[in-house]
Amino acid sequence: MSSRVRMAPSPTGLLHIGTVRTALFNWLFARHDSGEFRLRIENTDTTREVAEAVDQIQDSLRWLGLDWDGPATFQLDRMDDCREVAQRLVAEGKAYEDDGAIRFRMPDEGVTAWDDVVRGRVEFPNEKLEDVVLVRSDGRSTYNFASPMEDVWDGITHVIRGDDHISNTPKQLNIIRAVGAEVPVYAHVPMVYGSDGKKLSKRHGAVSVEEFRHAGYLPDALVNFLALLGWAPDGETTIMSRAELIERFSLERVSQSPAQFDYDKLDWMNGMYLRAMPLDDFAHALILYLGEQGYDWDAELVRKTAPLVQEKIARLGEFPGFAGFFFEDVEPNPDDLGDATPMLEAAQAALEGLEPFTAEAIEAALRAAADELGLKPRQAFQPIRVAVTGSKVSPGLFESIELLGRETTLARLSAVRAV
RNA sequence: GCCCCCAUCGACUAGCGGUCCAGGUCGCGGCCCUUUCAAGGCCGUCGCACGGGUUCGAAUCCCGUUGGGGGCACCA
């Protein structure tokens with residue numbers, strides 16, 4: 001029998017990166033196994049539902065490339081079915097009414113146990129299990145009832161979820177058995193924490209997929225990074241394509257201990273992915289990203305700047321700050337300029353009639369000018385960089401000047417001298 | 001309070017009784033390269049939480065301690 005798994009977010013806000021990590025494990029498992037990966041929206045708590053959340057969740061998943069099989073389903077749509085089952089359980093004496101709600105009668109003795117794929121054998125004494133509410137007094141089923149029932153109806157073979165659900169599992173197990181269905185295999189994966197060992201949240205940095213997208217991370221890099229949080233194919237491999245991830249993934253190698261989200265490592269990895277891209281792809285990603293973020297910069301010019309920045313940035317979001325001077329006027333800080341009038345004059349003179357106006361020729365001309373003034377390259381070029389790019393940090397100076405063009409370069413050089 | 005889980009460098013991890021005076025990656029430090037910043041190359045720093053066992057032999061198995069996390073809703 002082929003496997004079927006699911007991710008089951010509740011539509012209460014933007015898709016959390018921790019949820020994605022768990023979803024990714026489901027997805028990798030399904031793709032590895034030629035199984036199905038379903039998307040179920042757990043919206044039984046209508047009071048917490050956020051209107052746009054369902055669309056946002058699906059957008060985020062699509063952007064990440066985590067494709068799901070079949071249409072997304074909604075837990076609320078099965079309320080009637082749940083109520084029916086609950087009634088049957090009441091009739092069978094397995095559940096009872098309580099204040100208008102329906103509660104499940106948990107066993108009082110013995111233990112409820114299962115073999116968890118990542119934790120091994122897990123046992124719960126039944127005396128600790130509460131009689132959970134199946135259906136609220138207003139008729140809506142609860143999560144602990146709807147979720148296992150849907151797993152049954154959808155033919156879910158493996159429930160792969162965060163280990164914060166461990167204590168729900170014995171309850172759900174008993175419910176599933178009570179309705180006479182077959183229980184799925186459970187795999188509780190550890191959660192993702194922030195740098196302080198606490199649940200990953202806003203104050204640690206970006207947490208929603210939207211934020212990572214906005215910051216200019218690549219889906220492939222994010223997926224690669226997330227896969228390595230609590231899973232490793234061996235001790236050596238770190239950069240893996242989706243295909244390799246799928247091929248090598250197995251639940252048995254998922255760690256039992258929680259992992260901390262390391263933003264530095266993500267940046268490093270994203271940089272690796274950025275640099276590994278063919279130049280055209282990189283330029284394309286850049287143009288797409290800038291468009292998404294609302295920049296109306298000339299795509300052709302962006303394309304031309306791409307080779308100058310590809311090795312320099314780790315996130316696409318660094319581009320505007322790093323290469324914005326190609327598209328917008330600059331305001332150099334006089335303090336960064338220092339007292340460099342002679343070199344700036346010399347540079348102006350050197351570039352004025354230079355032919356051809358290419359990076360190589362520009363470099364040769366400026367080096368000659370620096371020599372003449374007895375300046376070291378560093379001393380000579382820094383003020384030019386500040387004048388032309390508006391910053392002490394920039395792409396290669398000579399290439400930048402070539403791309404910027406003679407006119408703009410000269411204008412910027414004389415602008416700082418006028419101050 | 002009760003129940004459950006986790007424990008290797010600062011971080012992610014490899015290790016599943018000898019091949020480990022613990023390997024890889026990020027970070028950090030140094031050097032090289034160099035027009036800035038990166039990138040790249042080379043070198044280095046840092047760890048088996050603690051205490052008892054078991055065993056010829058333990059990072060690996062068992063027990064306890066400590067530390068951390070999660071759960072105990074008519075939330076999911």
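Note on naming: letters A, B, ... go to the chains in the order of the sequence lines (proteins, then strands), and numbering restarts at 1 for each one.
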Once you apply the 3.5 Å cut-off to both distances, tell me the Watson-Crick or G-U wobble partner of B:U66, or none. B:A7

When we call it a touch if two heavy atoms are under 4.0 Å apart, what does A:D99 touch: a base, just sugar-phosphate, or nothing? base

Mark up nucleotides 32-50 of chain B, 5' to 3', with B wherever a protein heavy atom is under 4.0 angstrom from a base atom, S wherever such an atom reaches only the sugar-phosphate, and - elsewhere. ---BBBBSS----------

Take atom CG of A:N224 and atom P of B:C26, then tell me their distance rounded to the nearest Å. 13 Å

Pick the C1' atom in B:G30 and in B:U35, then give their distance to the nearest Å. 23 Å

Between A:Y186 and A:H188, how do the two ring planes meet: parallel, tilted or perpendicular, split at 30° and 60°? parallel

Under 4.0 angstrom between A:R161 side-chain N/O and B:G71 OP1 or OP2: no

When the P atoms of B:G52 and B:A58 are considered, how many whole Å apart are they? 13 Å

Classify A:D98 by what it touches in the nucleic acid, base, sugar-phosphate, or nothing, heavy-atom distance under 4.0 Å. base

Donor-acceptor side-chain pairing of A:N144 and A:T142 below 3.5 angstrom: no

Return the orientation label for the A:Y263 and A:F212 ring planes: parallel under 30°, perpendicular over 60°, tilted otherwise. parallel

Measure from the side-chain heavy atoms of A:K128 and tell me the nearest of B:C3, B:C12, B:A76. B:C3

Whole-Å distance separating the CG atom of A:L200 from the P atom of B:G70: 12 Å

Under 3.5 Å donor-acceptor, A:D69 side chain and A:F37 backbone: yes

Plane angle bin for A:F381 and A:F398 - parallel if under 30°, tilted between 30 and 60°, otherwise perpendicular: perpendicular

In whole Å, what separates the C1' atom of B:C28 from that of B:C12? 16 Å

What is the base-pairing partner of B:C2, counting Watson-Crick and G-U wobble geometry with both distances under 3.5 Å? B:G71

Applying a 4.0 Å non-hydrogen cut-off, can you work out what A:A101 is touching in the nucleic acid: base, sugar-phosphate, or nothing? base

Base, sugar-phosphate, or nothing: which does A:N168 touch, judged by heavy atoms less than 4.0 Å apart? base

Could you tell me whether the side-chain ring of A:H165 sits stacked on the base of B:A76, using a centroid cut-off under 5.5 Å and a plane angle under 30°? yes

For the side chain of A:S137 and the base of B:C74, is some donor closer than 3.5 Å to an acceptor across the two? yes

Could you check whether any side-chain N or O of A:Q310 sits under 3.5 Å from a backbone N or O of A:P307, counting only pairs where one atom can act as donor and the other as acceptor? no

Side chains of A:R412 and A:T389: donor-acceptor distance under 3.5 Å anywhere? no

Once you measure the plane-to-plane angle for A:H165 and A:Y143, does it fall in the parallel (<30°), tilted (30-60°) or perpendicular (>60°) bin? tilted

If we ignore hydrogens and angles and just use 3.5 Å, is the side chain of A:H16 paired with the main-chain N or O of A:G18 as donor and acceptor? yes

Does B:C74 have its OP1 or OP2 closer than 4.0 Å to a side-chain nitrogen or oxygen of A:R103? yes

With the side chain of A:R253 defined as its heavy atoms from C-beta on, choose the nearest nucleotide among B:G71, B:G15, B:C3. B:G15

In whole Å, measure the gap between the P atoms of B:G24 and B:G47 for me. 15 Å

Base paired to B:G29 (Watson-Crick or G-U; both N/O distances under 3.5 angstrom): B:C43

Classify the nucleic acid contact of A:K199 as base, sugar-phosphate or nothing, counting any heavy atom under 4.0 Å across all strands shown. sugar-phosphate

Base contacts versus sugar-phosphate-only contacts with protein, heavy atoms under 4.0 Å: please encode nucleotides 4-11 of chain B as B, S and - from 5' to 3'. -SSS---S

When you check the phosphate oxygens OP1 and OP2 of B:A76, does a side-chain N or O of A:T44 lie under 4.0 Å from one of them? yes

